[in-house]
Amino acid sequence: NVHILPIYENYHGGYVVIRLALAGHKQANRPFYRIVAAYNKRARDGKYLEQLGSYDPLPNIYNEKLVSFNFDRIKYWIGCGAHPTKPVAKLLGLAGFFPLHPMTITEAERRRAQTELIATEDVLQEGQKEAEV
Amino acid sequence: MAALGTARRLLRTCSRVKNVQRGEQRSVRCGLRTLCSGTRDHALSDNTRPQFTDPAVQDLLTRMTGLDLQKVFRPIKEELKPPTYKLMTDQQLEEAVELATQQAEKLLQMPPLLSERKPISDVLSVDKILDGMDTAKYVFTDITYNILHRERFIVVREPDGTLRKASWEERDRLVQVYFPKEGRKLTAPLIFKEGNLKMVFSQDRHEDVLDLCLVQFEPDSSDYIRVHAATYEDLDKHGKYELLRSTRHFGGMTWYLLGARRADGLIVDMLKRDLLQDAVSLVSLFHMVHPHSESAQEAASQQAAGADLLKIYADKESQKSGYIELALQAYEQLTTKKSSAE
């Protein structure tokens, strides 16, 4: 990573990461993330090298979570040796840019198991109520 | 004094749609789209059928639109500021008028006319293992700066795991979110609903509706085509062609009426206002667009020109032939009176 270190940064063993940085913390309970290329040692919300996109975790009126990626610049930073973090890798996998992250699949399976459990519990409860009546 | 007045109007900034709802002064330049090279599919189209973008067709349409400087540069509601007065010689005034005509020609450039876009239904991948991963959809937009909005990648990951391309409405909305265009709203203004359109038409504000529509919708979206069709129908029903006469929408209206073969009202209106040249060019345009109709073949065989074309058209095609013949007779009487008076 030597050729991208500007003069005033002297990180020993530092590297560039593509991660989510929380933005707009003037409002409580309303998160909004910027997808950002920054040095590993920097604060999460501190100075970054470049903004590569955004992620809004709360769904809008059309039940969509809006994510934007500047794929051209992401390719550049990955080419320079940046590491994406787990949530960014998951989002890129969902977008189809990366292969699917294994944790996304695991989470989906866990959710399905959970919903099935709740469904069987409901059925059991209804059966008990009918039996009482 | 009249010269001062014209000078004042000519030097006013020429923007069409002013965003008056906001408090600040925002001059919204109604998207001056250049003529695109999109072709118009018609149910009866042959390869030899003339398109909207042909130079001959465009020439005829621009001539019919007319160039009324007083109407093009009429005062629009904008922020109040004291008028500027300039003292000019006659030559300077002529130059200013020249400049104004050039600017008016640019303003009167016709918006593109495209056929309705086909819905996108591309599925990139079906991943059943992701079923139930979340309750909301994920919409991914590519915000690279140097690509056209039409070619941008916008994909949607549904909760059941399918990765599909976004539909046209979603695309328009998201492009407006990340690359906002001035004057366009995320949800279409309520003026474009059926009942509201009727009310606006009763107030004779067709031009404003069409300007808003041009800014809000893409030219090949179904909403754009629907609003334009409704406006032209209403104009045809009430015969209010004069409202659009010196605006950029006149060409589109004429093309629509010609396609539907309902140009009689327009011809009658032109003859009433003594615009014989316009009526003749309209009929010749009709013959170009429908070369297999009876009047076209008759005209080609007789090599007619001028008022004869109108007579042929009145005989063969139109339903209001009585009107047209009466108007022609009146015009001929006027011209003979004028020539005898001279």
Side-chain angles (χ1 to χ4, degrees), chain A residues 18 20 31-37 50-77 87-119, chain B residues 119-181 185-190 223:
Chain A
I18 304 177
L20 300 174
F32 181 84
Y33 298 99
R34 281 190 244 240
I35 299 163
V36 130
E50 189 180 348
Q51 181 181 355
L52 305 168
S54 62
Y55 167 50
D56 182 7
L58 299 187
N60 64 7
I61 44 175
Y62 303 100
N63 200 25
E64 299 162 349
K65 294 189 184 176
L66 297 182
V67 186
S68 62
F69 286 119
N70 190 341
F71 286 120
D72 186 37
R73 296 302 295 169
I74 292 178
K75 283 190 231 174
Y76 167 77
W77 282 112
V88 172
K90 280 187 189 168
L91 282 176
L92 286 169
L94 282 177
F97 194 63
F98 277 9
L100 273 186
H101 199 268
M103 282 312 289
T104 344
I105 304 174
T106 319
E107 274 170 19
E109 284 173 357
R110 284 177 188 169
R111 276 205 188 210
R112 252 176 293 158
Q114 192 72 12
T115 43
E116 275 175 24
L117 199 65
I118 296 172
Chain B
I120 311 177
S121 51
D122 245 349
V123 172
L124 296 173
S125 96
V126 183
D127 294 313
K128 277 293 156 201
I129 26 174
L130 286 183
D131 193 3
M133 58 151 199
D134 201 355
T135 43
K137 307 182 259 188
Y138 282 89
V139 179
F140 300 96
T141 329
D142 181 12
I143 48 175
T144 320
Y145 197 65
N146 280 341
I147 33 175
L148 297 172
H149 290 319
R150 295 276 162 143
E151 296 168 1
R152 218 166 264 284
F153 282 115
I154 304 185
V155 293
V156 177
R157 175 77 77 172
E158 301 274 350
D160 65 351
T162 32
L163 186 65
R164 61 170 175 89
K165 287 195 186 174
S167 66
W168 281 115
E169 290 82 25
E170 288 169 354
R171 282 192 74 94
D172 283 341
R173 190 167 31 98
L174 284 159
V175 160
Q176 177 61 13
V177 165
Y178 291 114
F179 300 95
K181 188 164 164 211
K185 314 271 181 208
L186 280 180
T187 39
L190 295 171
D223 281 317

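None of these values were measured; they are calculated from a predicted model. Throughout, a chain's letter reflects where its sequence line sits, starting with A, and its residues are numbered from 1.
- Taking 4.5 Å as the limit, some side-chain heavy atom of A/I35 sits within range of a side-chain heavy atom of A/I18.
- In this structure, B/Q176 contributes its side chain and B/K181 its backbone to a donor-acceptor pair below 3.5 Å.
- When the candidates A/T115, A/D56, A/D72, A/L52 are compared by the number of heavy-atom contacts under 4.5 Å with chain B, A/D72 comes out ahead.
- Of the two parts of A/I74, neither the backbone nor the side chain holds a non-hydrogen atom closer than 4.5 Å to a non-hydrogen atom of chain B.
- For the pair B/P159/B/K137, a side-chain contact is recorded, criterion being any heavy-atom separation below 4.5 Å from C-beta on.
- With rounding to the nearest 0.5 Å, the separation of CD1 in B/I129 from CD1 in A/I105 is 4.0 Å.
- Proximity of a side-chain donor or acceptor of A/T104 to a complementary backbone N or O of A/L100 within less than 3.5 Å is not detected.
- For B/D223, the side-chain contact (heavy atoms from CB on, under 4.5 Å) partners two or more places apart in sequence, or in a different chain, are B/F217, B/S221, B/R226.
- Taking the six-membered ring where the residue is Trp, A/Y55 and B/Y138 present parallel rings, their angle staying beneath 30° rather than reaching 60°.
- Interface summary for chain A: among B/V139, B/I154, B/V177, the most heavy-atom pairs under 4.5 angstrom belong to B/V139.
- Classified by interplanar angle (parallel below 30°, tilted 30° to 60°, perpendicular above 60°), the ring pair B/F179/B/H149 is tilted.
- By a heavy-atom distance cut of under 4.5 Å, A/P59, A/N60, A/Y62, A/N63, A/E64, A/K65 are the residues of residues 57-65 of chain A near chain B, going up by number.
- In this structure, B/Y178 has no ring-ring contact (aromatic ring centres under 6.0 Å, His included) partners at least two apart in sequence or on a different chain.
- The two residues B/V175 and B/R152 come nearest to each other via the heavy atoms CG2-CD, 4.4 Å.
- How far NE2 of A/H101 is from CG of A/L91: 11.0 Å, rounded to the nearest 0.5 Å.
- Residues of residues 161-170 of chain B lying within less than 4.5 angstrom of chain A, judged on heavy atoms, are B/L163, B/E170 in numerical order.
- Ranking B/D142, B/L174, B/V156 against chain A, the residue ahead of the rest is B/D142, based on heavy-atom pairs under 4.5 Å.
- Note: B/D134 leads B/T135, B/N146, B/D134, B/I147 in heavy-atom pairs under 4.5 Å with chain A.
- Interatomic distance, A/E107 CD to B/L130 CG, rounded to the nearest 0.5 Å: 10.5 Å.
- The contact between A/S54 and chain B is made entirely by side chain atoms (from C-beta outward), counting heavy-atom distances below 4.5 Å.
- In this structure, the side chain of B/R157 does not engage the main chain of A/A95 through any donor-acceptor pair within 3.5 Å.
- Only the side chain of B/D127 comes within contact range of chain A, with heavy atoms under 4.5 Å apart.
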